[in-house]
Protein chains: 2
Amino acid sequence: MVAYNLLIENIKKHINLSDSEANSICEFFKLKTIKKKEFLLTQGTICKFEGFVVKGCFRTFTIDKKGNENTLYFAAKDWWLMDIDSFMNHKPSDLNIQALEDSEVLIISQKDKETLYTKIPSAEKLFRIMFQKSIVAWQRRIIRNHSLTAKERYNHFIEKYPKIASKLTDRQASSYLGITHEFLSKIKKQS
Amino acid sequence: MVAYNLLIENIKKHINLSDSEANSICEFFKLKTIKKKEFLLTQGTICKFEGFVVKGCFRTFTIDKKGNENTLYFAAKDWWLMDIDSFMNHKPSDLNIQALEDSEVLIISQKDKETLYTKIPSAEKLFRIMFQKSIVAWQRRIIRNHSLTAKERYNHFIEKYPKIASKLTDRQASSYLGITHEFLSKIKKQS
DNA sequence: TAAAAAAGTTGAACAAGTTCAACTCCATAA
DNA sequence: TTATGGAGTTGAACTTGTTCAACTTTTTTA
């Protein structure tokens, strides 16, 4: 099935995998369909899954004390998705994960994730490597936030993630860049 | 030896470890002494080590196009240290790692790190978990940068890391907070 | 110990980004 | 079809943070 092929191809970008291992891994994941604007996770609930997007697009965001939305990341096809803090520590999430369009996700439950680690030893390596790559991306984002202007960050964003950027409203993009939507409107007018 | 005890205690915060595993792991690490202001890594060179600080304090920073220093993180006793991007991808680093005071680090080479993963299976789990926790910290920092003012970030920093904060010059702290040292001076005067 | 360098302080002018309010333009639900 | 709410735009006033320069204080080095 197409969804599982996408998952296997994604995993093979990180580690080598035998066919039998690939099949075993797939058995832990279940396809979930979700409609535009629905939530995969809402703040206050415990994140009991990890997801791999096979269709559509999601936005992961917090709402701060002033009521402002703050987008942590977007996840389109071929991206992983979860609240890692809530999942790992079994605590209520601060994050909301919402579908921006009709979407499909391969979901593995918390329990099955533990089983995956014990049954398939190379899963530890897989996620260790995936997490390493993720850290690099977060570090780069911090540096960009500190060294670039809002306009430079916006240009970087639409160049690096043109497909995702094209799916977003300006409000969603601005909440990722850390600026108001009014200011993003002014930035876009300039260029 | 004290340095190795600190390493083992740190590892035991993340996973369970038998005495023999603990000893095996220690054999891969060598103690390195470094004087104040010396560099453990300079940008342009490949990061061929991962380090665990047992004494002193380090600062990891980039220098952007305008010549501004941008501090990614500080690492005092009981913290890990490396350029994960350079280490993983064998590419020249964008980071500088400098000792803020006379320091000691337990160092594992790139080669030995690979051996560690193959010889000691639980090492995969150890670093997978450490990296997970690291991601949570990076995500929280992004959200703080977007939702708090400079003054609020400064207060959070000195409350959360009082020991590290006390070792820093204002210039070093400001380069972590993403503001100029002049503005930090004005913030401190306010409160 | 003197001299030099680095760190911190302050003020004035400036730039970047926010806030709020008013308006337009759509998409879509009733 | 209409009205309703969400998204985008614009301007004016405002706040936050920067820049630059001059100065003082502290630390380092010769």
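Since we're looking at a predicted model, the values are computed, not measured. Heavy-atom basis, side chains included; hydrogens, waters and symmetry copies ignored.
Cluster annotation: B:Leu106 and B:Val53 are assigned to the same hydrophobic cluster (Ile/Leu/Val/Met/Phe/Trp/Tyr, side-chain heavy-atom contacts under 4.5 Å, transitive). In the hydrophobic clustering of ILVMFWY residues, with side-chain heavy atoms under 4.5 Å counting as a link, B:Phe49 and B:Leu31 come out together. In the hydrophobic cluster analysis, where Ile, Leu, Val, Met, Phe, Trp and Tyr join through side-chain heavy atoms closer than 4.5 angstrom, B:Ile108 is grouped together with B:Leu17. Hydrophobic cluster membership differs between B:Leu100 and B:Phe61, with clusters built from Ile, Leu, Val, Met, Phe, Trp and Tyr side chains linked at under 4.5 angstrom. Transitive grouping of hydrophobic side chains (ILVMFWY, heavy atoms separated by less than 4.5 Å) brings B:Met82 and B:Ile11 into a common cluster.
Looking at B:Asp78 and B:Lys13, a side-chain N of the basic residue comes within less than 4.0 Å of a carboxylate O on the acidic one, giving a salt bridge.
Checked by atom type and distance alone, the side chain of B:Ser86 never pairs as donor or acceptor with a backbone atom of B:Ile46 at under 3.5 Å. Within the 3.5 Å criterion, the main-chain N or O of A:Ser20 finds a donor-acceptor partner in the side chain of A:Ser24.
Extent of DNA chain D lying under 4.0 Å from chain B heavy atoms, first and last nucleotide in 5' to 3' order, is D:dG17 to D:dT28.
Taken residue by residue, residues 166-175 of chain B places heavy atoms nearer than 4.0 Å to DNA chain C at B:Thr169, B:Asp170, B:Arg171. Near DNA chain C, defined here as any heavy-atom distance below 4.0 Å, there are no residues from residues 139-147 of chain B. Near DNA chain D, meaning a heavy atom under 4.0 Å away, the residues from residues 149-158 of chain B are B:Thr149, B:Ala150. Residues from residues 56-66 of chain A placing a heavy atom under 4.0 Å of any atom in DNA chain D do not occur. Across residues 178-190 of chain B, B:Gly178, B:Ile179, B:Thr180, B:Glu182, B:Phe183, B:Lys186 each have a non-hydrogen atom less than 4.0 Å from an atom of DNA chain D (numbered order).
For B:Lys113, the NZ atom sits in a packed shell: over 12 heavy atoms of surrounding residues, nucleotides or ligands are nearer than 6.0 Å. Around atom NZ of B:Lys133, more than 12 heavy atoms belonging to other residues, nucleotides or ligands sit under 6.0 Å away. Crowding of B:Lys48 atom NZ: a count of heavy atoms from other residues, nucleotides or ligands under 6.0 Å not exceeding 12.
With 3.5 Å as the limit, one finds no donor-acceptor pair spanning the side chains of B:Asp64 and A:Ser147.
Taking both residues in full, the closest heavy atoms of B:Glu159 and B:Pro162 are given as O-CD, 3.4 Å, listed atom of the first, atom of the second, then distance. Scanning all heavy atoms of the two residues, the minimum distance from B:Ala3 to B:Val54 falls at O-CG1, 3.7 Å.
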Next on the checklist: Base contacts versus sugar-phosphate-only contacts with protein, heavy atoms under 4.0 Å: please encode nucleotides 22-30 of chain C as B, S and - from 5' to 3'.
Outcome noted: ---------
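With sequence neighbours excluded, no residue forms a side-chain hydrogen bond (donor to acceptor under 3.5 Å, both in side chains) with A:Lys32. Residues forming a side-chain hydrogen bond (donor to acceptor under 3.5 Å, both in side chains) with B:Glu69 (at least two apart in sequence, or on another chain): B:Arg59.
The only option from A:Lys167, A:Lys36, A:Lys55, A:Lys35 that meets the side-chain hydrogen bond (donor to acceptor under 3.5 Å, both in side chains) definition with A:Glu101 turns out to be A:Lys167.
The end-to-end axis angle of the helix from C:dT1-D:dA30 to C:dA30-D:dT1, rounded to 10 degrees and based on five pairs per end, is 40°.
Side-chain contact between A:Ile25 and A:Leu116 is present, with at least one heavy-atom pair separated by less than 4.5 Å. Between B:Phe58 and B:Ile34 the shortest side-chain heavy-atom distance falls below 4.5 Å.
For residues 106-133 of chain B, the set of pairs meeting the ring-ring contact (aromatic ring centres under 6.0 Å, His included) definition, not counting sequence neighbours, comprises B:Trp80-B:Phe127, B:Tyr117-B:Phe127. Within the structure, ring-ring contact (aromatic ring centres under 6.0 Å, His included) pairs that include any residue of residues 172-191 of chain B comprise B:Phe74-B:Tyr176, B:Phe157-B:Tyr176 (at least two apart or interchain).
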Next on the checklist: side chain to side chain donor-acceptor pair (under 3.5 Å) for A:Asp94 and A:Gln43? Distances and angles first, verdict last.
Outcome noted: CA-CA 5 Å; A:Asp94 296 324; A:Gln43 61 185 99; 5.9 Å; no
